[in-house]
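Data block below; observations after.
Counting convention: from 1, in listed order, for ligands and their atoms alike. The analysis underlying the following values was restricted to heavy atoms, covering all of them including side chains, and did not include hydrogens, waters or symmetry mates. For this chain, numbers begin at 1 and follow the sequence in order.
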Amino acid sequence: MLQWDDDLRVAGTPLYLDSRRPRPVCVVSHAHSDHLPNGGVHGHAYATAATAELAEYRVGMTAVTRLGYRTDHAFDPDTRLRLTPAGHVLGSAMVRVERPEGSLLYTGDFKLRPSLTVEQADPEPADVLVMESTYGLPMFRFPDWRQTQARLAEAVAGALAAGRQPIVMGYSLGKAQEIVRILTDHGLPVTCHGAVHALNGIYERLGVPLGPYRRYKAEDFHGPAALDLAERGALVAPPQVARSAFVSRFDDPLTIMMTGWALQPNARFRYGVELALPLSDHADFDELLELIERVSPRKVYAHHGYREFVGELRKRKIDAVLARPEAQLKLFEE
Ligand SMILES: [Zn+2]
């Protein structure tokens, strides 16, 4: 039912799942670049309308069949496709494939926790689960999401009061919009880096309000016409700016990285920031286990994660293997 030939393909069909190479037919789970072809477009893609729009903006995705959540689509007489919310970024989907041999749920990236800018995940049962497992170690247990929001708002408000420029970093699609919404919900002023600003516009057009914010202009921050700190507020920017001239132009900025890896003790140093807070768009260890419980599969294939995660699952009597693209796997033949 499932084959790895460089990428993941549904056996007996030409249908690839999140292929990194251009394919004649591919389902795209969400619009992050590590789930899209490298510098190319697919012949024909299946995706949610939001993913189609975001991917179109990022790499171009010409022919797309837009699928709504929880609506069956007959791909061919033997294959039904169904997308359900993955809770990761706007438009992100889990892909359920139903074939005569059985059913398969492929997660792409996901989280089960709620968030302010993305519909919460809604995994459906399947015989085989192919799951993302980025944070598949017991040390990765995120604190309550409201607590992380409060810590961010407190840090930003404190910096503004102390006359320091807060620079809050998170990847520009998904994380940055969540950060903006957290800050504006707390009544804090926000300015967005251009890369973030462009994606904010797509979020808003697709019906996700982000509150009031400015677009970054150098003259608002530096030089004789610079605005007051209280007016320009927190600067929300992609992670790449952490070690760049963009940050070093400020005298004494408070740099904050929002990432699940903040749970690692050396995160601050690794990212070169003063503060790292565990805001993630991925499932933590407990959510990975919860997903398996809810999907109730006979077999689990874990991708994008630690080898130890599979060991943890086997300890819990779950039939699991690490999905490696170089291994030719054929399910339902075992
Ligand atoms: Zn992603």
Side-chain angles (χ1 to χ4, degrees), residues 7-8 16-21 26-39 41-42 45-59 61 64 67 69 83-96 105-123 129-136 140 142 145 169-181 195-196 198-200 202-203 206 208 238-240 257-263 271 278-285 287-288 291 301-306 309 323 325:
D7 283 314
L8 182 60
Y16 282 86
L17 302 171
D18 277 349
S19 174
R20 292 303 313 278
R21 297 188 195 181
C26 188
V27 184
V28 176
S29 69
H30 67 289
H32 278 148
S33 52
D34 58 333
H35 293 255
L36 289 165
N38 232 335
V41 299
H42 293 301
Y46 290 82
T48 63
T51 293
E53 185 152 347
L54 290 162
E56 176 70 46
Y57 168 77
R58 309 200 103 194
V59 295
M61 211 164 61
V64 186
L67 302 178
Y69 287 138
L83 303 184
T84 60
H88 176 59
V89 298
L90 188 63
S92 62
M94 298 184 181
V95 185
R96 193 172 184 282
L105 186 74
Y106 166 80
T107 69
D109 296 337
F110 78 97
K111 72 171 178 297
L112 299 179
R113 278 164 290 123
S115 62
L116 300 172
T117 53
V118 182
E119 185 172 342
Q120 196 166 5
D122 182 17
L129 172 62
V130 182
M131 66 185 294
E132 176 265 300
S133 57
T134 305
Y135 291 111
F140 292 114
F142 301 136
W145 66 303
M169 288 162 274
Y171 58 78
S172 56
L173 168 55
K175 185 73 65 72
Q177 288 70 40
E178 186 75 11
I179 292 168
V180 170
R181 181 62 190 272
V196 171
L199 289 159
N200 288 358
I202 299 180
Y203 263 59
L206 293 168
V208 182
Q240 305 87 276
M257 187 68 71
M258 305 302 288
T259 171
W261 302 111
L263 292 183
Y271 288 105
L279 183 76
S280 178
D281 288 326
H282 290 267
D284 72 359
F285 183 72
E287 287 167 81
L288 294 173
L291 177 79
Y301 291 84
H303 64 89
H304 283 90
Y306 294 94
F309 179 59

Task: Near-ring test Tyr171/His32, centroid separation under 6.0 angstrom - done: yes

Task: His282-Phe142 aromatic ring centre distance below 6.0 Å - done: no

Open item on the list: Is it true that Ser29 and Asp18 share a donor-acceptor pair across their side chains at a distance under 3.5 Å?
Closed with: yes

Open item on the list: Short of 2.8 Å from the Zn ion (ligand 1), name each protein N/O/S atom, waters not counted.
Closed with: His30 NE2, His32 ND1, His88 NE2, Asp109 OD2

- [ ] Evaluate the criterion salt bridge (charged side-chain N to carboxylate O under 4.0 Å, His left out) for residue pair Lys111 and Glu287; output intermediate values, then yes/no.
- [x] CA-CA 7 Å; Lys111 72 171 178 297; Glu287 287 167 81; over 6 Å; no

Task: Of Asn200, Thr117, Leu116, the residue whose pairing with Val180 passes side-chain contact (heavy atoms from CB on, under 4.5 Å) - done: Asn200

Task: Side-chain (Thr107) to main-chain (Glu132) donor-acceptor, under 3.5 angstrom - done: yes

